[in-house]
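Encoded as structure tokens, the structure appears first; notes follow it.
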There are 2 protein chains.
Amino acid sequence: MTSEAPEGYSGRRAAEIAGITYRQLDYWARTGLVGPSLTQASGSGSRRRYSYRDLLELRAVKSLLDAGIRLELVRGVFEYLTQHLDEDVTRVNLVISGTSVMVRTGEEEIVDLIRHGQGVLNILPLAGVKEQVDARIVELYPEGRSAAETVPAARAAGN
Amino acid sequence: MTSEAPEGYSGRRAAEIAGITYRQLDYWARTGLVGPSLTQASGSGSRRRYSYRDLLELRAVKSLLDAGIRLELVRGVFEYLTQHLDEDVTRVNLVISGTSVMVRTGEEEIVDLIRHGQGVLNILPLAGVKEQVDARIVELYPEGRSAAETVPAARAAGN
DNA sequence: GGCTGGAACTACAACACTGTGACTCTAACC
DNA sequence: GGTTAGAGTCACAGTGTTGTAGTTCCAGCC
């Protein structure tokens, strides 16, 4: 009872896996972009616990930022994404056109959007996001370890 | 000799046509993003003159900004674009993948990029940019006018 | 129970970037 | 030469990032 293995990932590990700084993670949690869905922070000294799904979101945000997209737009996207991101992340593309967001599987629809669209299209293949997160988990916490933190990682990688 | 019709567009008109504020236009010119290619400013009281092509660039920047892309990335894109934007703007797509920029005509290549790309793709159909600029010129300076400023507009619209 | 060390969140401040508004100044135009 | 459009300058604000110091909680140990 004294040493229950904590579920999920601590803030620092989540940041490490997502490839962002801890300060970014903190800022994003504080401003409501991506927070820890397992345990919220409740004052100094408390601990945030991030789920595997949170890791995917963090990494997706990171990808969008790397692509030169303003955080402001990312916020709008994630209000949508949080509600519509199902478990079949593997072969879905996230499409942002202006202020509207879509999740699309086929390329044909996207070609249509390119043909008829007036504005800019931002396309993020979520499959790549998952790959990157999984690879990073394996890289940082190789399977041989018996520490509690690797358990949810292993479960998630096989998801 | 005293009243030679000025070529191109004044700063304020360029801003008006591109749909940006004058302060933005000023800031962009000052920081080297998109400047007036006909006449540079040379101190207080001088005048900038923008070419039709400049208008396209201004509008393209505006489109990218509206799509939530950071100005920093736009700067990088335009270092490339300024050198590679030919006259067949009509059916070309500007594709930004990570830090690399491409100009692509066909959709097939883009589909390929979506399939194999790890990061985010930003796609801007330049045809739309030209349409918007032309429409805005007609809207603001209808063809019936005989003012000098409409002349380059008419020439450009037929380009 | 109480002490102690470290992990991790919090508060505060500094900074760069991207503007925006107010104001000054001057080249262009009449 | 007087007027004026428009470039220059300065101060400031919002966002996002980062660093640093402080605070709190938890675990391990006695």
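Chain letters run A, B, ... following the sequence lines, proteins first and then strands; every chain starts at 1. All values below come from the heavy atoms of this structure, side chains included, with hydrogens, waters and symmetry mates left out.
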Taking for A:Ser46 and for A:Gln24 the nucleotide of DNA chain D with the nearest heavy atom, the one nearer the 5' end belongs to A:Gln24
- [ ] Spell out, as yes or no, whether a donor-acceptor pair under 3.5 Å connects the side chain of B:Arg70 to the backbone of A:Leu71.
- [x] no
- Would you say a side-chain N or O of A:Trp28 is under 4.0 Å from OP1 or OP2 of D:dT17? yes
Report yes if a side-chain nitrogen or oxygen of B:Thr21 is closer than 4.0 Å to either non-bridging phosphate oxygen (OP1 or OP2) of C:dT20; otherwise report no. yes
In whole angstroms, the gap separating P of D:dG16 from CG of A:Asp66 amounts to 16 Å
Value for CZ (B:Arg136) from CZ (B:Arg59), rounded to nearest 0.5 Å, stands at 8.0 Å
Note to self: Looking at the base of D:dG6, is there any donor atom on it, or on the side chain of B:Arg48, that sits under 3.5 Å from an acceptor on the other one?
What the structure shows: no
Q) For D:dG16, does either OP1 or OP2 sit under 4.0 Å from a side-chain N or O belonging to A:Tyr27? A) yes
In whole angstroms, the gap separating P of C:dC17 from CD1 of A:Ile69 amounts to 20 Å
Rounded to whole Å, the CD-P distance (B:Glu16 to D:dG6) equals 11 Å
Do the side chain of A:Ser51 and the main chain of A:Asp54 share a donor and acceptor less than 3.5 angstrom apart? yes
- Task: Give A:Leu65 one of three labels, base, sugar-phosphate or nothing, depending on what nucleic acid heavy atoms sit under 4.0 Å from its own.
- Result: sugar-phosphate
Whole-Å distance, A:Arg70 CZ to C:dG19 C1', equals 11 Å
Discussion item. One pair to check against side-chain contact (heavy atoms from CB on, under 4.5 Å): A:Leu113 and A:Met102. What are the steps and the verdict?
Written reply: CA-CA 11 Å; A:Leu113 287 171; A:Met102 293 158 286; 4.0 Å; yes
Whole-Å distance, B:Arg12 CZ to D:dT4 P, equals 15 Å
A:Arg13 atom CZ is separated from C:dA7 atom P, nearest whole Å, by 11 Å
Whole-Å distance, A:Asp26 CG to D:dT24 C1', equals 15 Å
Closest of D:dT9, C:dT10, C:dG19 to the B:Leu71 side chain is C:dG19
- Query: Does a nitrogen or oxygen in the side chain of A:Ser42 sit under 4.0 Å from OP1 or OP2 of C:dC9?
  - Reply: no
#### Entry: B:Arg30 side chain near D:dG8 phosphate (N/O to OP1/OP2, under 4.0 Å)
yes
Considering only heavy side-chain atoms of A:Arg23, the closest of D:dG19, D:dG8, C:dG21 is D:dG19
CZ (A:Phe78) and CG (A:Leu58) are apart, to the nearest 0.5 Å, by 8.0 Å
5'-most contact on DNA chain C (nearest-nucleotide basis), B:Arg47 vs A:Arg47, goes to A:Arg47
Interatomic distance, CG@A:Asp134 vs CD1@A:Ile17, rounded to 0.5 Å, equals 10.0 Å
Side-chain N,O (B:Ser44) to OP1/OP2 (C:dA27) below 4.0 Å:
no
In whole angstroms, the gap separating P of D:dT15 from CG of A:Leu33 amounts to 14 Å
### Message
Please tell me if B:Arg49 has a side-chain N or O lying less than 4.0 Å from either OP1 or OP2 of C:dA28.
### Response
no
